Engineer: 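Got a structure for you, questions after.
This one's a predicted model, so the numbers in the text were calculated from it and none came from an experiment. Worth knowing before you read on, the calculation uses all heavy atoms, side chains too, and leaves out hydrogens, waters and symmetry mates.
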Amino acid sequence: MRLKNTLTTAAATALIAAATLTAAGPAAAAGGTAPACIAREVVKQNKTAWTTNHCGKNMHIKLVINNGPDMQCWTTVPGETLKWKWKVGSYGRIAVC
């Protein structure tokens, strides 16, 4: 019986560790700052930003928030403008992901 409890505890610990790594994955996925061909306009008082893809190819970008949760990664096509809004924290940067 003790072996069964040990295996159950080990399996539960592994499951929690995997869930923690999965949850941390998107935040860790932010790469370097997006290139200048991703135009940015930010109104910090309204916690709003716009990005426009002038790169000539699809780009994968995300909004990085200082002292708050980062936005998810989005694929933007050439010429597309994205509007980003957040509630907590302040504008950090636009990153590739």
Engineer: Can you tell me how far apart CD (E80) and CG (N58) are? Round to the nearest 0.5 Å.
Structural biologist: 8.5 Å
Engineer: What residue pairs, at least two apart or across chains, pass side-chain hydrogen bond (donor to acceptor under 3.5 Å, both in side chains) with a residue in residues 33-49?
Structural biologist: T48-K85
Engineer: Got a sec, which hydrophobics cluster with V77, joining ILVMFWY side chains under 4.5 Å apart, including via others?
Structural biologist: none
Engineer: So which atom in Q72 and which in W84 form the shortest heavy-atom distance, rounded to 0.1 Å?
Structural biologist: O-CZ3, 4.0 Å
Engineer: How long is the span from the CH2 atom in W86 to the OH atom in Y91, to the nearest 0.5 Å?
Structural biologist: 8.0 Å
Engineer: Hey, could you give me the CD1/OG1 distance between I61 and T75, rounded to the nearest 0.5 Å?
Structural biologist: 9.0 Å
Engineer: Going by side chain to side chain contact (heavy atoms under 4.5 Å, CB included), name the residues that satisfy it together with T52, two or more places apart in sequence or in a different chain.
Structural biologist: A39, H54, T81
Engineer: Which heavy-atom pair separates P35 from C55 by the least distance, and what is that distance?
Structural biologist: CG-SG, 4.4 Å
Engineer: Is the shortest heavy-atom distance from the side chain of V43 to the side chain of W50 under 4.5 Å?
Structural biologist: yes
Engineer: Among V64, I65, L63, which one satisfies side chain to side chain contact (heavy atoms under 4.5 Å, CB included) with R93?
Structural biologist: V64
Engineer: Do other residues, nucleotides or ligands put more than 12 heavy atoms under 6.0 Å from W74 CH2?
Structural biologist: no
Engineer: What distance separates C97 SG from M59 CE, expressed to the nearest 0.5 Å?
Structural biologist: 9.0 Å
Engineer: To the closest 0.5 Å, what do you measure between OG1 (T51) and NZ (K62)?
Structural biologist: 14.0 Å
